[in-house]
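Worksheet for the structure shown next.
Both backbone and side-chain heavy atoms feed into the values below; hydrogens, waters and symmetry mates do not.
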Amino acid sequence: MKMSRKLPLNGLRAFETVARLKSFTKAGEELGMTQTAVSYRAVFLREARSISLTATGELLIPKVTEAFSLLSDAIADAKQEAEGVLEIRSTPTFASHWLARHIGSFQLSHPGLAVRILRAEKPVDFRTENADVVIWRAEQQPADVEAHELFRLNYAPMLSPKLAETIGGVTTPMDLLKLPLIGGSNKWWGIWFRSNGIDIPLPGTITIDADGALDLEGSAAIAGHGVALLSPFLHGEELEAGRLIMPFDVFKKDDHSYWLIYPKNRRRMAKIQAFRDWLPKKLADDLRLLPMELSPNASILPPDIGNP
């Protein structure tokens with residue numbers, strides 16, 4: 001007898017649905033079955049106003065849930081593969097300031113594959129969301145997924161030329177204290193100023209708390225609202241165009257890395273392999289240009305405290 005004929009798939013589906021919803025009635029509504037039919041197919045104890053799993057049910061439910069999740073993933077993967085869509089979730093600043101500006105070269109190499117880029121404000125759960133790959137910033141390697149460390153950024157003060165002109169130019173780090181500082185954390189600013197021999201109390205409130213959203217902080221700096229700690233890698237075009245200036249080449253190194261992550265069970269999908277091969281090579285091309293932005297005496301501060 002074939003294995004598929006031995007597995008009571010309908011019963012297992014009913015069991016998983018009741019365990020998830022904690023209700024025979026709701027499970028019956030979801031599955032289009034009667035409450036009695038559902039209850040016959042599941043391993044539960046009926047109590048006065050609730051239901052609970054038997055010892056056998058407790059043993060069975062993790063594997064059953066995982067199995068149906070894998071089946072759902074496989075169906076979703078097959079559908080997206082057939083549709084030729086690669087869905088990328090990314091931290092907002094990387095999405096807008098690097099990925100959107102460079103993804104065209106990937107599409108030229110893969111003309112049959114459409115790309116969908118979505119900004120990710122929180123970690124993605126691959127079990128419930130349709131993302132194929134995620135570019136995320138984290139201190140440690142994300143668990144339970146395939147994860148490739150990409151790079152760490154360096155940050156330095158940047159501001160608009162017009163703002164600098166309002167105080168006659170910025171020639172020393174002390175000059176920055178005459179201007180509004182952008183950012184939600186005094187820690188990073190404290191580290192940067194102490195590295196320049198300035199160990200004095202900073203303003204109690206740093207203007208425009210964007211909760212570490214570098215694209216918002218960068219836009220505020222370009223608009224002349226203050227000085228922001230930004231990355232030459234992400235704001236290189238703004239520096240080249242003169243919308244921002246970087247008066248000093250002392251950098252605060254990030255204590256988090258950017259990671260490329262995707263589900264382990266999808267690592268052999270052709271579209272994920274294609275993006276995984278393209279991204280590090282394209283990043284390497286840009287990262288090799290970064291030393292040209294630094295003077296021979298540029299220094300890097302340790303990644304010891306704080307988050308952007």
Side-chain angles (χ1 to χ4, degrees), residues 90-99 102 120 123 134-142 147-159 170 172-177 181-200 202 206 208-218 220-221 226-240 244-261 279-308:
S90 170
T91 55
T93 308
F94 185 82
S96 61
H97 282 60
W98 192 89
L99 188 57
H102 294 84
V134 174
I135 299 165
W136 193 247
R137 179 179 166 274
E139 186 173 8
Q140 298 179 344
Q141 179 173 337
H148 305 273
E149 188 173 12
L150 298 172
F151 58 88
R152 289 195 179 197
L153 293 177
N154 301 315
Y155 300 89
M158 298 185 196
L159 69 160
V170 175
T172 70
M174 280 293 293
D175 290 333
L176 296 179
L177 292 175
L181 302 180
I182 294 172
S185 171
N186 280 353
K187 291 182 178 179
W188 273 47
W189 277 115
I191 293 171
W192 191 87
F193 277 112
R194 285 194 296 273
S195 72
N196 286 276
I198 301 173
D199 192 6
I200 60 175
L202 298 180
I206 293 182
I208 308 181
D209 180 358
D211 195 27
L214 297 178
D215 55 343
L216 299 181
E217 294 179 4
V227 188
L229 280 170
L230 302 172
S231 162
F233 176 70
L234 293 176
H235 286 88
E237 289 191 13
E238 289 77 6
L239 289 170
E240 290 180 8
L244 288 173
I245 59 172
M246 187 176 69
F248 310 106
D249 55 8
V250 176
F251 293 83
K252 171 67 179 77
K253 190 174 183 64
D254 198 351
D255 53 358
H256 287 50
S257 293
Y258 280 78
W259 300 82
L260 172 64
I261 60 178
L279 181 62
K281 294 176 183 177
K282 188 62 179 176
L283 282 169
D285 291 341
D286 275 20
L287 289 169
R288 274 194 291 268
L289 299 176
L290 284 183
M292 296 174 61
E293 300 175 350
L294 313 180
S295 76
N297 298 320
S299 58
I300 303 293
L301 310 183
D304 49 356
I305 302 176
N307 296 310

Can you see which heavy atom on D199 is nearest to which on R194, and at what distance?
OD1-CD, 3.6 Å
In short, D255 meets E139 closest at the heavy-atom pair O-CG, 3.7 Å
Any chance you could measure H256, atom NE2, to W136, atom CH2, to the nearest 0.5 Å?
10.5 Å
If I take atom OH from residue Y155 and atom NE2 from residue H235, how far apart are they, to the nearest 0.5 angstrom?
10.0 Å
To the nearest 0.5 Å, how far apart are CG in L181 and CG in L229?
8.0 Å
Are side-chain heavy atoms of L176 and F248 found at a separation under 4.5 Å?
yes
Kindly indicate whether the side chain of D254, heavy atoms from C-beta on, has any atom under 4.5 Å from the side chain of N154.
no
So, for W189 and V227, which heavy atoms are closest and what is the spacing to 0.1 Å?
CZ2-O, 3.3 Å
Closest approach of A95 to S90 (non-hydrogen atoms, all atoms of both residues)
N-OG, 3.4 Å
Find out whether M158 and L239 are in side-chain contact, i.e. whether some heavy atom of one side chain is under 4.5 Å from a heavy atom of the other.
yes
May I ask you to test the I198-M174 pair for a side-chain heavy-atom distance under 4.5 Å?
yes
Could you grab the distance from atom OG1 of T91 to atom CZ of R137, nearest 0.5 Å is fine?
8.5 Å
P92 meets the side-chain contact (heavy atoms from CB on, under 4.5 Å) criterion, sequence neighbours left out, with R119, E121, D215
Applying ring-ring contact (aromatic ring centres under 6.0 Å, His included), name anything that partners Y258, two or more places apart in sequence or on another chain.
F94, F151
Checking side chain to side chain contact (heavy atoms under 4.5 Å, CB included) for the pair L177/I200: CA distance, chi angles, key distance, verdict?
CA-CA 10 Å; L177 292 175; I200 60 175; 3.5 Å; yes
Expected output: side-chain S231 to main-chain F233 donor-acceptor under 3.5 Å:
yes
Quick one: side-chain contact (heavy atoms from CB on, under 4.5 Å) partners of A156, sequence neighbours excluded?
M246, F251
Using side chain to side chain donor-acceptor pair (under 3.5 Å) as the criterion, list what pairs up with S257, not counting sequence neighbours.
E149, R152
Taking all non-hydrogen atoms of both residues, which atom of L159 and which atom of G226 are closest, and how far apart?
CB-O, 4.1 Å
Mind listing the closest non-hydrogen atom pair of E238 and L234 along with its distance?
OE1-O, 4.1 Å
Hits for side-chain contact (heavy atoms from CB on, under 4.5 Å) against N196, two or more places apart or cross-chain, chain-then-number order -> P173, W192, V250
Partner residues of Q141 under the side-chain contact (heavy atoms from CB on, under 4.5 Å) criterion, sequence neighbours left out
A147, W259
